[in-house]
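Presented below is the structure to which this report refers.
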Protein chains: 2
Amino acid sequence: MDITSVSPPPVSCRVCRLGQFAIYGLTATTNPDAVNIKRREVKTVAAGRTFIREGEVQTHVHTLYSGWAFRYITLPKGRQILFFHIPGDIIALESLAFPGMALPFSLKSLTPVTLCSFPVEDAAEMLRASQPQAVQAAVTAQHYFADMNRHLADIGRRSAMGRIAQLLGEIESRLRRRQLSKNGSFDFPIRQEHIADALGLTTVYVNRTLDRLRKERFIDFDRHRMTIHDLKRLHEVAEEE
Amino acid sequence: MDITSVSPPPVSCRVCRLGQFAIYGLTATTNPDAVNIKRREVKTVAAGRTFIREGEVQTHVHTLYSGWAFRYITLPKGRQILFFHIPGDIIALESLAFPGMALPFSLKSLTPVTLCSFPVEDAAEMLRASQPQAVQAAVTAQHYFADMNRHLADIGRRSAMGRIAQLLGEIESRLRRRQLSKNGSFDFPIRQEHIADALGLTTVYVNRTLDRLRKERFIDFDRHRMTIHDLKRLHEVAEEE
DNA sequence: CGCTTCTTTGAGTTTGATCAACAATGGTGG
DNA sequence: CCACCATTGTTGATCAAACTCAAAGAAGCG
């Protein structure tokens, strides 16, 4: 892993606002010290760094404590972004499900990033220690795999407009669950190039489509912030196109 | 499950040519009777039937003993085919990885299909009983999830020509590993409509593209059989477009 | 043989890509 | 604080890929 620096004194898991959303969320709520003990490292990564490379075997799973990152595959024709990670996400979940697995994708930071890292075996033990926690973790993993199916379908069948509306809607909904979106307005460090790489479009066309969405008052944005004016209407666009 | 009829006297797993390719393949090779004992049912399904529906919880995992099927999601805009299953494939692998999970997709038969079904718990036990078998099964599952990532990338970034070449190449390679393709020639019960639904194209355009591949002597086909004349060249097309 | 499901072909249209500038933004060092 | 540079975003013109609509041929099946 490409670590830029070790972060300032780690906050105790006891006061972490994001732990409840992590894969060990139940434990984080009922017994934060149990999480704190397992957390071996807190790492920071500068913006724009590939900090996990395709083919690596991960000894740790990571909770994205702050910042955004994305998961991608490199293809002859360019890169395909598979997923955008927001604060509270678990990274390298598959290393937990399949210990020893070589990851089939890389990870790159969009912003400076802070990761809380747990040895795979310790994380697994934490889940095993509590039946309800194990169930919750399994549900998270299921959602995650089901989402992959859906994403595949989204790319295959929707127009540029529909795909972008869908992506924005999905990101907003994930941020909202973490209390990181207020009234449809949220930090948005994704550049148009990344949207293009995630949806199989060109940057130019992403720009024109975003412009249409802006002109038609669906959304507003500048380089740092996105605001969705009418989530329901945006959702309709996503469904219909 | 939508069972059309119970099949004729089940063949013993001892003489099954496909068991070695299943998720319990190692056990099937070293101790076929252990597999036979766990196999509770052999079912047949007529062609063109949806035999597992989205949202169902599976009590069994199934090995596709004969015939082809596909996995799909229904969307407002039509269906998205996620995967084509060939003989020897495991169906509903995720029910084994996550017992009790509601499947996020449906399954439909392309041809008449025979399934060997194992209670989830028995299958899990069979894997646990042998360390090397457990490892092999985990590897299979990993490949499977990695393939999903790749498929997503394929749809996003390739032209119609590239996608079709890629799909044909991948199917041929999977069939070959099961000794179901000889010299690039194999049974092919997939209709052009299914290719379209898998790749996010229209049937008409799939037809024109297949026609181009035929005219340029990459492939030959009629309704039942596909022949790939030069696998390497087809692979190049898949990579480049 | 008659019906249904698939495949094939034609003509015209739309979506999104390509190529090429140029403008705005956000650091950075001086 | 300003000048400079590297990214990122915006716009125009043109082109190609893929879609739509429509209709006619094969194939397969009862």
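Computed from heavy atoms alone, side chains included, the values below leave out hydrogens, waters and symmetry copies. Letters A, B, ... are given to chains in the order of the sequence lines, protein chains preceding strands, and every chain is numbered from 1.
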Can B:Arg150 and B:Asp147 be said to form a salt bridge (Lys or Arg N to Asp or Glu O under 4.0 Å), step by step?
-> CA-CA 5 Å; B:Arg150 217 166 25 72; B:Asp147 280 353; 3.0 Å; yes
Determine, stepwise, if the pair A:Phe186 / A:Arg174 fulfils side chain to side chain contact (heavy atoms under 4.5 Å, CB included).
-> CA-CA 11 Å; A:Phe186 47 93; A:Arg174 288 170 53 215; over 6 Å; no
Boundaries of the DNA chain C segment in contact with chain B, non-hydrogen, under 4.0 Å | C:dC6 to C:dA11
A:Arg17, CZ: over 12 other non-hydrogen atoms inside 6.0 angstrom = no
Under the side chain to side chain contact (heavy atoms under 4.5 Å, CB included) criterion, do B:Asp187 and B:Leu175 qualify, and how do the steps go?
-> CA-CA 9 Å; B:Asp187 279 334; B:Leu175 287 169; over 6 Å; no
Figure out the CG/C1' separation between A:Leu201 and D:dA17, and round it to whole Å.
-> 14 Å
Salt bridge or not for B:Glu236 and B:Lys232, using N-O below 4.0 Å?
-> no
Counting just side-chain N and O atoms, does A:His194 come under 4.0 Å of either OP1 or OP2 of D:dT8?
-> no
Of A:Ser159 and A:His224, whose closest DNA chain C nucleotide lies nearer the 5' terminus?
-> A:Ser159
Are A:Arg191 and A:Glu193 ion-paired here, with the side-chain N under 4.0 Å from a carboxylate O?
-> no
Mind checking whether B:Tyr144 and B:Phe83 have parallel, tilted or perpendicular rings, split at 30° and 60°?
-> perpendicular
Specify the residues of residues 202-212 of chain A, ordered by number, for which at least one heavy atom lies under 4.0 angstrom from an atom of DNA chain D.
-> A:Val204, A:Asn207, A:Arg208, A:Asp211
Is B:Phe51 close to B:Ser106 at the side-chain level, that is, under 4.5 Å between some pair of heavy atoms?
-> no
Whole Å only: how far is the NZ atom of B:Lys77 from the P atom of D:dC19?
-> 13 Å
Base, sugar-phosphate, or nothing: which does A:Arg191 touch, judged by heavy atoms less than 4.0 Å apart?
-> sugar-phosphate
Residue pair B:Arg53 / B:Thr50, side-chain heavy-atom distance below 4.5 Å | yes
Can you tell me how far C1' of D:dG9 sits from NZ of A:Lys215, to the nearest Å?
-> 13 Å
Tell me what B:Gly48 touches on the nucleic acid: a base, only sugar-phosphate, or nothing, going by heavy atoms under 4.0 Å.
-> nothing
Hey, does B:Arg214 reach any base, or is it just sugar-phosphate, or nothing, if we go heavy atoms under 4.0 Å?
-> sugar-phosphate
Rounded interatomic separation in angstrom, taking CZ from A:Phe188 and P from D:dT8 | 14 Å
Tell me: CD1 of A:Ile190 to P of D:dG9, nearest whole Å?
-> 11 Å
When the distance from CZ of A:Phe221 to P of D:dG9 is rounded to whole Å, what number comes out?
-> 8 Å
